[in-house]
Amino acid sequence: MQERRAVFPGRLLPAALVLPQLALTAVFFLWPAGQAVWSSLTRADPFGLNAVFVGLDNYAALFSDPLYRDTILRTLGFAAAVTALSMGFALLFAVFADREIRGRGFYRTMLIWPYAVAPAVAAVLWVFLVQPQIGLFGPALDRMLGRLGLGWNYQLNGAEAMLVVILASAWKQVSYNFIFFLAGLQSVPRAVVEAARLDGAGSWRLLRAIMLPLLLPTTVFLLVVDVVYAAFDTFGTIQALTQGGPGKATETLVVKVYRDGVVNLDLGSSSAQSVVLMLGVILLTAVQFRFVGRQAD
Amino acid sequence: MRGRTDWTAHVVLMLGVLAFALPIWLVFAGSTQDAAAISRGELSLLPRLSHLDVYARVLGEGSGGSGPVGHMLLVSAGMALGIALGKIAVSVLSAYAVAFFRFPCRMLAFWTIFITLMLPVEVRIVPTYQVMSDLSLINTFTGLTVPLTASATATLLFRQVFLAVPDALMDAARIDGAGPWRFLRHILLPVSAPNIAALFVILFVYGWNQYLWPLLVATDPRLDTVVIGIVKRIGVNADTEWDRVMATAMLALLPPVAVVLLMQRWFVKGLTEGEK
């Protein structure tokens with residue numbers, strides 16, 4: 001790890017300086033994480049009075065539950081769709097916003113501001129767009145799909161519900177990807193671009209042969225960020241739009257932890273799920289630091 | 001480019017701009033319309049400017065079992081500012097210690113802080129609630145803000161900024177007789193001001209947009225943030241006052257958007273330099 005050469009002397013002062021951060025970390029991160037691990041290994045007795053140590057029973061129950069496996073697959077599909085949509089559109093916009101056109105600044109600002117929208121508020125905006133009774137497009141969608149014998153009601157139809165939470169989640173994440181893709185494109189040396197132009201490369205060729213390979217590190221970084229976003233930060237979006245329903249149609253892993261732990265008070269299973277999610281985050285963080293860390297060296 | 005207008009670029013970007021601006025415009029227009037008409041599915045894109053007083057009403061009076069939005073905005077602002085400033089203070093201090101001192105267990109401290117990256121609230125919902133309840137922090141403003149002020153990301157960022165400060169700057173300060181505090185206040189903080197500003201935007205937005213955390217630890221309606229408030233009122237009933245709900249949505253949205261727009265340049269630079 002990189003170090004400073006010149007440092008201040010003293011031991012007490014630096015210890016006091018890191019103390020607030022360490023105390024917060026211990027009390028609000030490590031303690032609950034430890035509790036999660038512990039209660040994932042226990043089960044409340046029939047009277048709900050004592051926790052009995054049951055080893056890995058909660059995990060065994062979890063992974064033999066087909067509903068949990070469904071939720072894992074659903075979360076993966078959801079994350080893949082959100083990531084693909086938000087990265088795809090962000091790259092498209094970034095490529096054009098990088099061109100030297102009039103009104104560039106305006107376009108950039110208008111594509112960056114949605115970064116500030118809360119995931120839960122993004123869901124509220126989508127309600128006003130597609131809610132079947134009051135949404136701007138809701139009644140029209142219902143009539144159109146009605147002719148095909150389908151109808152539009154994401155509160156009753158699971159596939160439609162999934163579509164809406166994917167769109168609302170991806171909509172909110174485009175701006176973040178856009179900011180990074182644009183920064184990546186702008187850091188491509190102009191000399192390289194000019195040289196390619198002189199060699200007769202068209203815009204498409206330039207993009208494919210030069211820009212995209214140089215954007216690879218950015219893409220890997222965004223891939224991890226988007227998957228983390230889709231897996232964890234969309235709780236508010238899903239809660240505001242469908243609460244995980246109808247049935248379990250939009251229940252992601254985090255929504256399930258919340259439902260099982262807070263709503264149904266099944267602490268053992270909810271804790272085991274928490275520990276599984278922690279392992280997931282550790283894996284993703286390791287991937288990110290492996291690729292992005294190497295980039296920074 | 002070569003004097004020609006790049007129509008493809010304009011069309012694509014304009015469509016993008018519309019895809020993001022349309023929902024906001026819709027909510028603004030809807031907030032000025034008749035609630036009963038919206039309930040009938042007659043939401044229009046034309047605002048009635050004579051009905052802007054809905055904002056004054058929403059801000060000042062509660063309805064449908066929840067308090068006035070003005071109060072929710074105060075809670076949100078307090079939470080966002082508390083988290084942003086708290087995180088910056090806590091992280092500057094610990095990054096300063098890790099970068100500018102050698103003390104026992106320094107690496108252990110660093111890695112302990114680093115671990116918090118891997119433990120977002122979302123993965124430890126129930127145990128965190130239990131800890132909060134053991135500490136009697138449920139339904140307190142402290143509980144809403146303080147636990148979110150630990151930050152590995154901010155600490156890593158400041159550490160990186162501090163490591164890049166030239167040794168000469170520190171040597172000069174020491175020759176002038178400046179101790180660690182004076183060096184921090186008069187040299188290090190001014191030098192890192194752009195990074196602090198950028199981080200403030202990111203953290204303010206982060207704090208304002210929290211949903212799961214207040215949902216867990218603040219069930220008292222008096223501690224409702226505006227994001228919690230709007231989600232509570234989005235359920236569709238025959239008598240939902242849609243104009244008021246939409247005005248609330250606008251008010252939930254505007255402050256963080258304003259902060260990002262006002263500090264856009266710093267924010268974009270800080271985001272893209274900091275995270276990598």
Side-chain angles (χ1 to χ4, degrees), chain A residues 2 4-8 11 13-15 17-18 20-22 24-25 28-29 31-33 35-36 93 96-97 99-101 107 110-111 113-118 120-121 124-125 127-129 133-134 136 139 179-180 183 232 235-236 240 254 257-258 261 267 270 274 277-278 281-282 285 292, chain B residues 1 6 9 12-13 16-17 20 23 26-27 38-39 41 43 90 93-94 96-97 99-103 109 112-113 116-120 122-128 130-131 147 149-150 163 167 170-171 180 205 209 211-212 227 230-231 234 249 252-253 256-257 260-261 264 268 271-272 276:
Chain A
Q2 204 187 336
R4 288 198 64 86
R5 193 171 49 77
V7 293
F8 285 110
R11 295 177 153 207
L13 180 62
L17 291 175
V18 283
Q21 177 93 277
L22 284 181
L24 288 168
T25 306
F28 297 112
F29 289 80
W31 184 14
Q35 293 254 322
F93 296 143
F96 286 112
R99 292 194 181 171
E100 281 160 30
I101 56 170
Y107 287 129
M110 292 301 284
L111 291 169
W113 71 264
Y115 170 87
V117 178
V121 173
V124 171
L125 297 179
V127 169
F128 297 138
L129 283 177
Q133 287 102 48
I134 64 136
L136 182 64
I179 293 169
F180 278 87
F232 301 108
F235 175 81
V254 172
V257 174
Y258 181 79
L267 299 189
S270 168
S274 287
L277 284 181
M278 277 184 224
V281 185
I282 289 173
T285 316
V292 184
Chain B
M1 240 170 44
D6 189 342
V12 170
L13 292 172
V17 168
F20 291 109
L26 174 68
V27 175
I38 300 177
S39 288
L43 194 50
V90 167
L93 292 182
S94 51
Y96 186 46
F100 278 91
F101 294 86
R102 297 278 177 276
F103 57 99
T112 309
I113 295 166
T116 57
L117 265 187
M118 305 176 188
L119 299 171
E122 285 77 6
V123 309
R124 48 186 174 84
I125 293 175
V126 174
T128 306
Q130 284 166 342
V131 167
T149 54
L163 285 178
D167 283 337
M170 193 179 161
D171 294 337
V205 170
N209 290 349
Y211 177 72
L212 176 59
V227 172
I230 181 67
V231 174
I234 191 75
L253 234 151
V257 169
V260 164
L261 289 182
Q264 188 188 339
V268 169
L271 192 67
T272 47
K276 291 215 272 181

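To find a chain, count down the sequence lines: A is the first, B the second, and so on, and within it residues start at 1. Keep in mind the model is a prediction, meaning the values are calculated, not measured.
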Residue list, ring-ring contact (aromatic ring centres under 6.0 Å, His included) with A/Y115, at least two apart or on another chain: B/F267
As an exercise: rank [options] by heavy-atom pairs under 4.5 Å with chain A and give me the winner.
{"options": "B/L43, B/L163, B/V227", "value": "B/L163"}
{"options": "B/V231, B/I38, B/T112, B/I113", "value": "B/I113"}
{"options": "B/P256, B/A9, B/G41", "value": "B/A9"}
{"options": "B/T116, B/V257, B/T128, B/V260", "value": "B/T116"}

Could you tell me whether the side chain of B/T149 reaches within less than 4.5 Å of the side chain of A/L24, counting heavy atoms only? yes
Contact between A/F232 and A/L277 at the side-chain level, heavy atoms closer than 4.5 Å - yes or no? yes
Here the pair of heavy atoms bringing A/P32 nearest to B/P127 is O-CB, 3.2 Å
One option among A/P114, A/P20, A/P139 has the most heavy-atom pairs under 4.5 Å with chain B, and it is A/P114
Looking at A/F235, A/Y107, A/F93, A/W31, which makes the most heavy-atom pairs under 4.5 Å with chain B? A/Y107
With a 4.5 angstrom heavy-atom cut-off, is it the side chain or the backbone of A/L129 that approaches chain B, or both, or neither? both
With B/S94 via side-chain hydrogen bond (donor to acceptor under 3.5 Å, both in side chains) - residues at least two apart: A/Q21
Side chain to side chain contact (heavy atoms under 4.5 Å, CB included) between B/L253 and A/V117: does it pass, once the steps are laid out? CA-CA 6 Å; B/L253 234 151; A/V117 178; 3.8 Å; yes
Please verify the inter-ring angle class for B/Y96 with A/F8; under 30° counts as parallel, over 60° as perpendicular, anything in between as tilted. perpendicular
Per-residue contact mode, B/L26 against chain A (heavy atom under 4.5 angstrom): side chain
Under 4.5 Å from a heavy atom of chain A, the part of B/F101 involved: both
